[in-house]
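Take a look at the structure set out below.
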Amino acid sequence: MTTELKIPEYKLAEEESGKWGMVVDTDLCTGCQACVAACAMENNIPYVGEEDAAYGRSMHWIRTERFWEGEYPEVRMTDYQPMLCQQCGHAPCEPVCPAFATVHSQSEKLNLQVYNRCVGTRYCANNCPYQVRSFNWRDYQDPRLRPEITILANQFNPDVTVRRRGVMEKCTFCIQRIHKAQDLAKSEGREVEDGEFTTACAQACPANAITFGRIDHPETLVSQLAHSSRGVHHLEELGTLPRVTYLKGG
Amino acid sequence: MSKQISRRDFLKLATAGAATTAVLTGCGPASRYVEREPYQRMPEYTYNGLSTYYATACRECAAGCGLVVRTMQGRAIKVEGNANNPVNLGKTCARGQATLQGLYNPDRVENPTRQNRGAALSGDALEWDAAIQIISDALKNTDPAGIAFLMGMAPDHLFDLVSDLAKAIGAPAPLRFGALGMFEARATLGRAAETMLGRSAMPFFDLANADMVLSFGANFLETWLSPVAFTRDFSKMRRGNPKRRGYFIQFEARMSQTASKADEWIPIRPGTEGLVALAIGRLVAELKGGSVPASFSSVDPLEVASTAGIKLETLEHVAQLVVGSQAPLAIPGGAALGQSNGLATAESVLALNALFGNFGIPGGVFLSPLSPNQDAYHRPASAREMTDFIAKMEDGTIKVLFVHGVNPVFELPASLGFAEALATVPQVISFATFPDETALASDYIFPDHHGLESWGYQRVVTGSSQPVLSGAQPVVSPYFNTRATADALIAAAQLAGGKFAEAMPFADEVAFLQGKLAALVGEPDGSFFAPEINTFTAYFQQHGGWWMTAPALSSPSASNALARTVSPGVAEFAGNGEFFFLPFVSPTLADAGANKPWLQELPDPTTTVMWNTWIEMNPQTAQVMGIDNDDVVEIVSEAGRVEAPVYLYPAIRPDVIAMPFGQGHTAYGRFAAGRGTNPADVLGVRFNEAGDLAFAGMKVEVRKTGKKPQVLSRLESRIGVYGEGMGEEH
């Protein structure tokens, strides 16, 4: 007797559309760092101090980049470009993790970082073309190392894990906010609507340069902006399928 | 009224939920703070996973943005903007976000403390009763003429209380000061508004509706006046109208964060801003073909171009852009006003607006409305007024000095001698929340609550077209043994009895606030209507303030501005050095952010430097002088010297060096003390015609020290200055 093997249909990540998306209008971004501070406050991101920051160990999940063109007096600064995890559909960080700590979420279509799986090989950061992953080189949030944390920790967001030394971390699209909205929607027997919540960075941005929402609905603001003729994806040629669209200025 | 009510009742009243007038009248003083409970004995309303949100006002600067703070189990977790407050409409700046690191700062003053002047924070804690007795004795036993109050630019309710107290006891009116006000040259703006717009008020620049913005040094995307509101308006100017994209030109010697967003940055020589404005005006008037008003016809654009170090074609190009635009707007501000000719510069730029014909029309210049419970516009003290105040400290007029919300030992130029004068004042009582330099130089520190633990209100000076009074309420109970300064003063006055007690007949701070809000009860055109004061106060807490629903901008007359002749000339510069010195307020730290670790770790937007002070220098100049990145140089002015590592900044004039203000604390907690240096140490005592400090009116020498102890921490080292760290090879 032969059994018919049922092999689940395999779908490449890039064939699936994202669920959550973000659009950043660099013509509006003023580089004010409100998003960076908001992200740090929401996600319990540690500060590393002057020396470690000089070694490039700062933990910003989002940073505003700017580059120079030309020399004085014909010098020009490019638009500020907030750089964060692009939540790639085809993420270079994922296949290199030996511990399956960075995986793709089937339900959210996001790149997850599972802190308690991470063993700190840093392969993912090495392979991320956007350089948006940050590694806990020390126990920055341990009161034994930093007595001041005892008081500062009063402010920690109880919805977000505090990470230990040796663990990689990155932008999650504020997944704790996604889950909260989903729980509420579920209890009311409906789907999460666009605009019901937003990420910490988008919420703070005084210039309204960051828009977050349901990219899978064509009617939403974020979808419409993402299809703007000004839209670009960073390092698109690498085939990463980023979920963050940048609107170029001018 | 004195009936104790439970926390649950309190929350019903105070949270942004539905409150009914029936319950509200039970609100008494005893219920005014929320108690923190241990986890084991949770209050009945608390479910794990549910947060409570409180509306309040931000106190990181004086702009008066509304906040909604998420709290959980008695702890403040996250700050968001109050979406209804017309100033910030739900948005916040980085400093507002980091205000929680002030609340839960490990270096707060935890108890009322007897302090040895100039020493580190003493552990000599007092009881509050003893503290109140000391304040009371100081008030009662001093000749009122010898009592002085020095206040910060926020909060306004405390300033009102102290003003009332001072008036009632015959003491001089309190003086307000703040470093941001000094670097904004608010006295100059106010005086220019008086001469050109007809009234001493804060001008309102309708950036959102302009389509061609010429900014003369105004750093409106950084810390200027109301940065969140200006950033929103900038965003609207750029993309608010789908049919046009607003164009923005910045004239200043160094590309600031604001200038980095400009379509054109025109690096003119410092001190020529007024002339450049007039020259553009003349070219515009000529292109339009009308008559050229006297102020403008007196300048020769070719001469101005050469004085400013730019090409005539540049000015002509700007004039053509202006003529081709629908709604041009010129904004004066920042270092352009901190010059010997700052007032005339501000007047020239306002005259340029008059020439554009934009007074009182969308995209133009207005006068900001007064806040709902305000009689007239009161600006903070200018540096010259502070100098007079210092003289009074030195000659012994001031016997007792009360300081709240300001740190002049750090903020004022060292050459003004505030610290030395302070040492001669017989008794100094500080109400500082943090052990800053001024607090440590006091006899007593009677710490006020942090802003998030406080009641109060803040008047909105500009940033909204509606009159706004932002309201503050405690979002958590006080973490340390602190007391509201208003409560301490009320208690002390009552203890002193007589006219003191008569001046302060309030049960507590909230009763005082209710008195100040009483005039708004029954007012029909506001954000909410309440028929009586307790209901009003409860709604005031829920909404985070009270504001008129309709815009109340006033339109100045242009005829006066055009008739007046202004001749700014070129600013005078003090000192013999070869470089213009341009101090600017750090966009991320501002005046008081240095004690918050996350603000320290925010990269400066333009240089990406964190945790330190730097000196910006043009790479070509540095090469000629043999100076490289991170070399420590000494700046020598007529008033002093200061050292810092060099940052080779590509977008600064070769004859200018710039330095951020915000670091260089000798106290103010572990994150601030001993970090970086303070440009105020080299500023000389020079004023402009309006009495503001001519902080950008100096020439300095740059000397090599041969030191290079460390490299500056900068975020760009992670990605490379020109992007070489991104992508392929690295």
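Just so we're on the same page: letters track the sequence lines, and every chain starts at 1. Remember, it's a predicted structure, so these values are computed and weren't measured experimentally.
- Heavy-atom distances place the backbone of B/N105, and not its side chain, under 4.5 Å from chain A.
- Only the backbone of B/T607 has a heavy atom closer than 4.5 Å to any heavy atom of chain A.
- Tested against A/E50, the residues B/R675, B/Q600, B/M610, B/E601 include a single side-chain contact (heavy atoms from CB on, under 4.5 Å) partner, B/R675.
- In terms of heavy atoms, B/R245 sits closest to A/D27 at NE-OD2, 2.7 Å.
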*Please lay out, stage by stage, how A/F156 and B/R75 fare under the test side chain to side chain contact (heavy atoms under 4.5 Å, CB included).*
CA-CA 9 Å; A/F156 281 176; B/R75 289 160 178 81; over 6 Å; no
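- With contacts defined as side-chain heavy-atom distances shorter than 4.5 Å, the pair B/P605/A/T64 does not qualify.
- For A/Q224, the CD atom is densely surrounded, since the number of other residues' heavy atoms within 6.0 Å is greater than 12.
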*Step by step, work out the side chain to side chain contact (heavy atoms under 4.5 Å, CB included) result for A/T30 and B/Q257.*
CA-CA 7 Å; A/T30 67; B/Q257 183 203 336; 3.9 Å; yes
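- Taking chain A as the reference chain and counting heavy-atom pairs below 4.5 Å, the highest number among B/R232, B/R653, B/R108, B/Q710 is found for B/R653.
- In this structure, the portions of B/A651 lying under 4.5 Å from any heavy atom of chain A include both its backbone and its side chain.
- Contact check on B/K78 versus A/D159 returns no salt bridge, with no Lys/Arg side-chain nitrogen under 4.0 Å from an Asp/Glu carboxylate oxygen.
- If you measure heavy-atom distances from B/E222 to chain A, you find no contacts under 4.5 Å at all.
- More than 12 heavy atoms of other residues, nucleotides or ligands sit less than 6.0 Å from atom CZ of B/R670.
- Smallest separation of non-hydrogen atoms from A/N154 and B/I77: O-CD1, 4.1 Å.
- Only the backbone of B/I652 comes within less than 4.5 Å of a heavy atom of chain A; no side-chain atom from C-beta onward does.
- The two residues B/W598 and A/A40 come nearest to each other via the heavy atoms CE2-CB, 3.3 Å.
- Contacts of B/T92 with chain A are made by both backbone and side-chain atoms, with heavy-atom separations under 4.5 Å.
- B/E716 has its side chain within reach of A/R66: a pair of non-hydrogen atoms, C-beta onward, lies under 4.5 Å apart.
- At least one side-chain heavy atom of A/W68 sits less than 4.5 Å from a side-chain heavy atom of B/Y649.
- Proximity to chain A is limited to the side chain of B/F671, based on heavy atoms less than 4.5 angstrom apart.
- Interface check for chain A: of the options B/P654, B/P227, B/G81, B/P587, the most heavy-atom pairs under 4.5 Å are formed by B/P654.
- With a 4.5 angstrom heavy-atom cutoff, B/M255 touches chain A only via side-chain atoms.
- At least one donor-acceptor pair under 3.5 Å links the side chain of B/K91 to the backbone N or O of A/Q203.
- Counting heavy-atom pairs under 4.5 Å between each of A/A209, A/C32, A/G49 and chain B puts A/G49 at the top.
- In this structure, no portion of B/F248 lies under 4.5 Å from any heavy atom of chain A.
- Closest non-hydrogen pair, A/A207 versus B/S235, comes out as O-OG, 2.6 Å.
- When all heavy atoms are compared, the tightest approach of A/H60 to B/L715 is ND1-CD1, 3.7 Å.
- Here the CZ atom belonging to B/R70 is positioned 10.5 Å from the CD atom belonging to A/Q155, to the nearest 0.5 angstrom.
- No side-chain donor-acceptor contact under 3.5 Å links B/S713 and A/Y55.
- Using a 4.5 Å cut-off on side-chain heavy atoms (C-beta onward), B/K261 and A/D79 make contact.
- When all heavy atoms of B/T606 and A/M77 are compared, the pair lying nearest together is CG2-CE, 3.8 Å.
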*Given side chain to side chain contact (heavy atoms under 4.5 Å, CB included), test A/L152 with B/Q101 step by step and report yes or no.*
CA-CA 7 Å; A/L152 285 166; B/Q101 292 205 321; 4.3 Å; yes
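- Using modelled atom types, one finds no donor on one side chain facing an acceptor on the other under 3.5 Å when comparing A/N208 with B/R239.
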_side chain to side chain contact (heavy atoms under 4.5 Å, CB included) for B/T621 and A/Y72? Distances and angles first, verdict last._
CA-CA 11 Å; B/T621 316; A/Y72 185 87; over 6 Å; no
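- Of the atoms belonging to B/P603, heavy atoms from both backbone and side chain fall under 4.5 Å from chain A.
- Both the backbone and the side chain of A/I45 have a heavy atom closer than 4.5 Å to some heavy atom of chain B.
- Your options are A/C29, A/A38, A/P73, and the one with the most heavy-atom pairs under 4.5 Å with chain B is A/A38.
- Per-residue counts of heavy-atom pairs under 4.5 Å with chain B were compared for A/V75, A/L28, A/T78; the largest is that of A/L28.
- Heavy-atom distances place the side chain of B/Q620, and not its backbone, under 4.5 Å from chain A.
- Only the side chain of A/D25 comes within contact range of chain B, judged by heavy atoms closer than 4.5 Å.
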